[in-house]
**Q** 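Supplied in C-alpha coordinates, the structure appears directly below.
Every chain is numbered from 1 and lettered A, B, ... according to where its sequence line falls, protein lines coming before strand lines.
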Amino acid sequence: DTGVSQNPRHKITKRGQNVTFRCDPISEHNRLYWYRQTLGQGPEFLTYFQNEAQLEKSRLLSDRFSAERPKGSFSTLEIQRTEQGDSAMYLCASSLLSFADQETQYFGPGTRLLVL
Amino acid sequence: AQSVTQPDIHITVSEGASLELRCNYSYGATPYLFWYVQSPGQGLQLLLKYFSGDTLVQGIKGFEAEFKRSQSSFNLRKPSVHWSDAAEYFCAVGAWGNEKLTFGTGTRLTIIP
(Lines give C-alpha, C1' and ligand atoms only; values in the text may rest on other atoms or scores of the structure.)
Protein backbone atom coordinates (compact mmCIF):
# COMPACT_ATOMS: atom_id res chain seq x y z
CA ASP A 1 0.00 0.00 0.00
CA THR A 2 1.78 3.08 -1.25
CA GLY A 3 -0.94 5.57 -0.34
CA VAL A 4 -2.60 8.13 -2.56
CA SER A 5 -0.28 9.71 -5.10
CA GLN A 6 -0.75 12.90 -7.10
CA ASN A 7 1.10 14.29 -10.07
CA PRO A 8 2.47 16.76 -10.66
CA ARG A 9 3.24 18.07 -7.19
CA HIS A 10 3.64 21.60 -8.49
CA LYS A 11 2.35 23.33 -11.58
CA ILE A 12 2.97 26.87 -12.77
CA THR A 13 0.95 28.02 -15.72
CA LYS A 14 -0.07 31.20 -17.47
CA ARG A 15 -3.57 32.55 -17.34
CA GLY A 16 -5.73 31.05 -20.06
CA GLN A 17 -3.86 27.76 -20.32
CA ASN A 18 -5.39 24.37 -19.56
CA VAL A 19 -3.98 22.14 -16.83
CA THR A 20 -4.60 18.52 -15.89
CA PHE A 21 -3.80 16.83 -12.62
CA ARG A 22 -3.67 13.11 -11.94
CA CYS A 23 -4.57 11.17 -8.82
CA ASP A 24 -3.82 7.49 -8.16
CA PRO A 25 -5.83 6.20 -5.20
CA ILE A 26 -5.02 3.41 -2.80
CA SER A 27 -5.42 0.31 -4.92
CA GLU A 28 -8.48 -1.31 -3.37
CA HIS A 29 -10.37 1.93 -2.74
CA ASN A 30 -13.57 2.39 -4.69
CA ARG A 31 -14.20 6.06 -3.88
CA LEU A 32 -12.12 9.00 -4.98
CA TYR A 33 -12.55 12.64 -3.97
CA TRP A 34 -11.20 15.98 -5.13
CA TYR A 35 -10.84 18.97 -2.81
CA ARG A 36 -9.42 22.45 -3.25
CA GLN A 37 -7.51 24.27 -0.54
CA THR A 38 -6.72 27.95 -0.70
CA LEU A 39 -4.26 29.71 1.54
CA GLY A 40 -5.37 29.85 5.15
CA GLN A 41 -8.44 27.71 4.57
CA GLY A 42 -9.46 24.13 5.04
CA PRO A 43 -10.03 21.84 2.08
CA GLU A 44 -13.24 22.45 0.13
CA PHE A 45 -15.06 19.54 -1.49
CA LEU A 46 -15.28 19.61 -5.30
CA THR A 47 -16.45 16.24 -6.56
CA TYR A 48 -16.28 12.51 -5.98
CA PHE A 49 -16.47 9.17 -7.78
CA GLN A 50 -17.64 5.76 -6.78
CA ASN A 51 -15.78 3.42 -9.09
CA GLU A 52 -16.07 5.18 -12.48
CA ALA A 53 -19.34 6.99 -11.74
CA GLN A 54 -19.19 10.65 -10.80
CA LEU A 55 -21.87 10.89 -8.13
CA GLU A 56 -21.52 14.51 -7.10
CA LYS A 57 -20.19 17.34 -9.17
CA SER A 58 -22.35 20.27 -8.23
CA ARG A 59 -19.51 21.69 -6.17
CA LEU A 60 -17.15 21.98 -9.11
CA LEU A 61 -16.39 25.66 -9.17
CA SER A 62 -17.39 26.40 -12.75
CA ASP A 63 -17.83 24.68 -16.09
CA ARG A 64 -14.09 25.18 -16.62
CA PHE A 65 -13.53 22.37 -14.12
CA SER A 66 -14.06 18.74 -15.04
CA ALA A 67 -13.00 15.41 -13.61
CA GLU A 68 -12.89 11.87 -14.91
CA ARG A 69 -12.19 8.43 -13.57
CA PRO A 70 -12.45 6.36 -16.76
CA LYS A 71 -11.73 2.86 -15.48
CA GLY A 72 -12.49 3.30 -11.83
CA SER A 73 -8.82 3.55 -10.97
CA PHE A 74 -6.90 6.81 -11.40
CA SER A 75 -8.65 10.13 -11.86
CA THR A 76 -7.85 13.39 -13.62
CA LEU A 77 -8.97 16.90 -12.80
CA GLU A 78 -8.81 19.40 -15.64
CA ILE A 79 -9.09 23.15 -15.44
CA GLN A 80 -9.61 24.93 -18.73
CA ARG A 81 -8.74 28.57 -19.37
CA THR A 82 -7.11 28.97 -15.99
CA GLU A 83 -7.56 32.17 -14.02
CA GLN A 84 -5.41 33.60 -11.25
CA GLY A 85 -8.16 32.73 -8.77
CA ASP A 86 -7.61 29.06 -9.55
CA SER A 87 -4.26 29.17 -7.75
CA ALA A 88 -4.61 26.72 -4.88
CA MET A 89 -3.66 23.29 -3.61
CA TYR A 90 -5.74 20.53 -5.22
CA LEU A 91 -6.06 17.50 -2.98
CA CYS A 92 -7.19 14.03 -3.85
CA ALA A 93 -8.48 11.50 -1.33
CA SER A 94 -9.64 7.92 -1.59
CA SER A 95 -11.70 5.62 0.59
CA LEU A 96 -13.19 2.18 0.68
CA LEU A 97 -16.94 2.17 0.96
CA SER A 98 -18.16 -1.01 2.56
CA PHE A 99 -21.08 -2.02 4.68
CA ALA A 100 -18.76 -3.59 7.20
CA ASP A 101 -16.89 -0.46 8.16
CA GLN A 102 -17.25 3.25 8.22
CA GLU A 103 -15.66 5.24 5.49
CA THR A 104 -12.37 7.04 6.08
CA GLN A 105 -10.78 9.29 3.48
CA TYR A 106 -7.01 9.17 2.99
CA PHE A 107 -5.39 12.12 1.31
CA GLY A 108 -2.59 12.48 -1.19
CA PRO A 109 0.18 15.10 -1.03
CA GLY A 110 -1.67 17.51 -3.27
CA THR A 111 -0.86 19.45 -6.45
CA ARG A 112 -0.05 23.08 -5.91
CA LEU A 113 -1.17 25.25 -8.82
CA LEU A 114 0.09 28.75 -9.46
CA VAL A 115 -1.53 30.73 -12.26
CA LEU A 116 0.48 33.74 -13.41
CA ALA B 1 -25.87 22.26 6.24
CA GLN B 2 -22.94 21.00 8.20
CA SER B 3 -20.18 23.30 9.43
CA VAL B 4 -17.05 23.19 11.56
CA THR B 5 -15.58 25.97 13.65
CA GLN B 6 -12.03 26.01 14.87
CA PRO B 7 -11.92 29.17 16.98
CA ASP B 8 -8.16 29.31 17.40
CA ILE B 9 -6.31 30.36 14.26
CA HIS B 10 -2.86 30.08 15.82
CA ILE B 11 -1.63 28.50 19.06
CA THR B 12 1.87 28.60 20.50
CA VAL B 13 2.96 26.15 23.18
CA SER B 14 6.25 25.21 24.75
CA GLU B 15 7.77 21.84 24.00
CA GLY B 16 6.67 19.39 26.67
CA ALA B 17 3.55 21.35 27.55
CA SER B 18 0.04 20.00 27.11
CA LEU B 19 -2.13 20.92 24.15
CA GLU B 20 -5.82 21.28 23.46
CA LEU B 21 -7.19 22.32 20.07
CA ARG B 22 -10.86 23.21 19.93
CA CYS B 23 -13.40 22.07 17.37
CA ASN B 24 -17.14 22.74 17.31
CA TYR B 25 -19.41 21.30 14.68
CA SER B 26 -22.94 21.79 13.45
CA TYR B 27 -24.74 18.83 11.96
CA GLY B 28 -28.33 17.67 12.16
CA ALA B 29 -27.66 13.96 12.39
CA THR B 30 -25.05 11.83 14.09
CA PRO B 31 -21.72 13.11 12.86
CA TYR B 32 -18.56 11.34 11.93
CA LEU B 33 -15.65 13.44 13.19
CA PHE B 34 -12.03 13.55 12.12
CA TRP B 35 -8.79 15.31 12.94
CA TYR B 36 -6.18 15.66 10.22
CA VAL B 37 -2.72 17.21 10.40
CA GLN B 38 -0.95 19.00 7.55
CA SER B 39 2.72 19.88 7.44
CA PRO B 40 3.75 22.79 5.19
CA GLY B 41 3.27 22.00 1.52
CA GLN B 42 1.99 18.52 2.26
CA GLY B 43 -1.30 16.65 2.14
CA LEU B 44 -3.43 15.73 5.12
CA GLN B 45 -2.62 12.88 7.47
CA LEU B 46 -5.39 11.30 9.52
CA LEU B 47 -4.76 11.60 13.25
CA LEU B 48 -7.94 10.02 14.58
CA LYS B 49 -11.63 9.56 13.91
CA TYR B 50 -14.90 9.12 15.77
CA PHE B 51 -17.86 7.22 14.38
CA SER B 52 -19.64 5.81 17.43
CA GLY B 53 -19.04 4.14 20.75
CA ASP B 54 -16.48 5.32 23.26
CA THR B 55 -16.42 9.10 23.15
CA LEU B 56 -12.70 9.27 23.92
CA VAL B 57 -10.72 8.16 20.91
CA GLN B 58 -7.02 7.54 20.63
CA GLY B 59 -5.03 8.40 17.57
CA ILE B 60 -1.52 8.34 16.24
CA LYS B 61 1.42 10.30 17.65
CA GLY B 62 -0.05 10.32 21.16
CA PHE B 63 -3.12 12.41 20.29
CA GLU B 64 -6.60 11.83 21.64
CA ALA B 65 -9.94 13.54 21.18
CA GLU B 66 -13.19 13.56 23.08
CA PHE B 67 -16.62 13.75 21.50
CA LYS B 68 -19.10 15.75 23.58
CA ARG B 69 -22.51 15.70 21.96
CA SER B 70 -24.02 18.17 24.43
CA GLN B 71 -21.39 20.75 23.51
CA SER B 72 -21.12 19.79 19.82
CA SER B 73 -17.39 19.58 20.34
CA PHE B 74 -14.56 17.28 19.38
CA ASN B 75 -11.44 18.74 20.96
CA LEU B 76 -7.99 17.36 20.26
CA ARG B 77 -5.51 16.87 23.10
CA LYS B 78 -1.96 15.79 23.69
CA PRO B 79 -0.36 15.63 27.13
CA SER B 80 3.14 16.62 26.04
CA VAL B 81 3.95 18.18 22.66
CA HIS B 82 7.12 17.62 20.67
CA TRP B 83 8.76 20.02 18.26
CA SER B 84 7.71 17.73 15.42
CA ASP B 85 4.04 18.42 16.23
CA ALA B 86 4.31 21.89 14.72
CA ALA B 87 1.84 21.86 11.82
CA GLU B 88 -1.68 22.86 10.78
CA TYR B 89 -4.51 20.88 12.33
CA PHE B 90 -7.91 20.47 10.72
CA CYS B 91 -11.12 19.19 12.20
CA ALA B 92 -13.68 17.75 9.79
CA VAL B 93 -17.24 16.42 9.93
CA GLY B 94 -18.97 13.89 7.72
CA ALA B 95 -21.76 11.38 8.01
CA TRP B 96 -23.05 8.14 6.60
CA GLY B 97 -24.73 8.96 3.33
CA ASN B 98 -23.13 12.39 3.20
CA GLU B 99 -19.91 11.64 1.50
CA LYS B 100 -18.11 14.93 1.45
CA LEU B 101 -16.12 16.11 4.44
CA THR B 102 -16.58 19.65 5.69
CA PHE B 103 -13.43 21.09 7.19
CA GLY B 104 -12.73 23.88 9.62
CA THR B 105 -10.32 26.63 8.74
CA GLY B 106 -7.54 25.01 10.73
CA THR B 107 -5.36 25.82 13.72
CA ARG B 108 -1.69 26.46 13.20
CA LEU B 109 0.43 25.07 16.00
CA THR B 110 3.83 26.55 16.80
CA ILE B 111 6.16 24.89 19.29
CA ILE B 112 8.76 26.92 21.15
CA PRO B 113 11.76 25.37 22.89
Side-chain angles (χ1 to χ4, degrees), chain A residues 3-10 21 23-26 29-50 53-60 88-114, chain B residues 1-10 21-25 29-54 57 59-60 65 67 74 76 87-108:
Chain A
V4 179
S5 61
Q6 292 186 246
N7 288 288
R9 293 291 309 278
H10 303 273
F21 310 140
C23 172
D24 288 90
I26 294 171
H29 283 186
N30 50 15
R31 283 191 164 177
L32 187 148
Y33 299 78
W34 285 99
Y35 291 80
R36 185 181 80 151
Q37 185 180 20
T38 54
L39 203 59
Q41 299 297 314
E44 174 189 18
F45 171 80
L46 295 178
T47 187
Y48 88 100
F49 295 84
Q50 182 163 314
Q54 189 173 14
L55 298 185
E56 168 69 61
K57 59 180 180 180
S58 63
R59 298 301 185 97
L60 285 172
M89 173 83 91
Y90 291 85
L91 293 162
C92 175
S94 71
S95 69
L96 176 64
L97 177 68
S98 76
F99 293 104
D101 196 8
Q102 294 89 351
E103 183 184 357
T104 299
Q105 295 181 30
Y106 296 90
F107 283 79
T111 295
R112 184 169 294 282
L113 173 66
L114 177 61
Chain B
Q2 57 201 52
S3 66
V4 175
T5 301
Q6 293 182 248
D8 303 306
I9 296 173
H10 185 204
L21 302 182
R22 295 183 290 165
C23 172
N24 292 95
Y25 69 91
T30 301
Y32 295 163
L33 294 158
F34 305 83
W35 275 99
Y36 287 87
V37 61
Q38 185 177 38
S39 297
Q42 301 299 312
L44 280 74
Q45 181 183 20
L46 179 69
L47 282 177
L48 48 77
K49 59 190 177 184
Y50 172 79
F51 291 124
S52 65
D54 193 346
V57 293
I60 62 171
F67 171 59
F74 189 57
L76 182 71
E88 188 97 19
Y89 291 79
F90 292 95
C91 181
V93 64
W96 178 258
N98 187 359
E99 290 73 16
K100 71 178 179 72
L101 292 180
T102 298
F103 285 83
T105 52
T107 297
R108 183 160 62 92

**Q** Between B/Tyr36, B/Phe103, B/Phe90, which shows the greatest number of heavy-atom pairs under 4.5 Å with chain A?
**A** B/Phe103
**Q** Between B/Gln6 and chain A, which part of the residue has a heavy atom less than 4.5 Å away: side chain, backbone, both or neither?
**A** neither
**Q** May I ask you to test the A/Tyr48-A/Leu55 pair for a side-chain heavy-atom distance under 4.5 Å?
**A** yes
**Q** Please report the shortest heavy-atom distance between A/Tyr33 and A/Ser95, naming the atom on each side.
**A**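 The pair with the smallest heavy-atom distance is CE1-OG, 3.5 Å.
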**Q** With a 4.5 Å cut-off on heavy-atom pairs, point out which of A/Glu44, A/Gln41, A/Gln105 contacts chain B the most.
**A**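 Option with the greatest count: A/Gln105.
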**Q** Look at A/Gly40, A/Gly110, A/Pro109 and state which one has the largest set of heavy-atom pairs under 4.5 Å with chain B.
**A**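 Most heavy-atom pairs within the cutoff with chain B belong to A/Pro109.
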**Q** Check each atom of B/Leu44 against the heavy atoms of chain A and say whether the ones under 4.5 Å are side chain, backbone, both or neither.
**A** both
**Q** Please tell me if the side chains of B/Phe74 and B/Val93 come closer than 4.5 Å, counting only heavy atoms from C-beta onward.
**A** no
**Q** Would you call the rings of A/Phe45 and A/Tyr35 parallel, tilted or perpendicular if under 30° counts as parallel and over 60° as perpendicular?
**A**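 Ring orientation, 0 to 90° scale: perpendicular.
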**Q** For this output row, return yes or no: ring centroids of B/Phe34 and B/Phe51 closer than 6.0 angstrom.
**A** yes
**Q** Between A/Gln37 and chain B, which part of the residue has a heavy atom less than 4.5 Å away: side chain, backbone, both or neither?
**A**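 Side chain of A/Gln37 only, per the 4.5 Å heavy-atom cut-off to chain B.
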**Q** For chain B, find which of A/Gln6, A/Glu56, A/Arg59, A/Gln50 contributes the most heavy-atom pairs closer than 4.5 angstrom.
**A**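 Going by pairs under 4.5 Å, I would pick A/Arg59.
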**Q** Would you give the length of the straight line joining atom CD of B/Gln38 to atom CG of B/Leu47, rounded to the nearest 0.5 angstrom?
**A** 11.5 Å
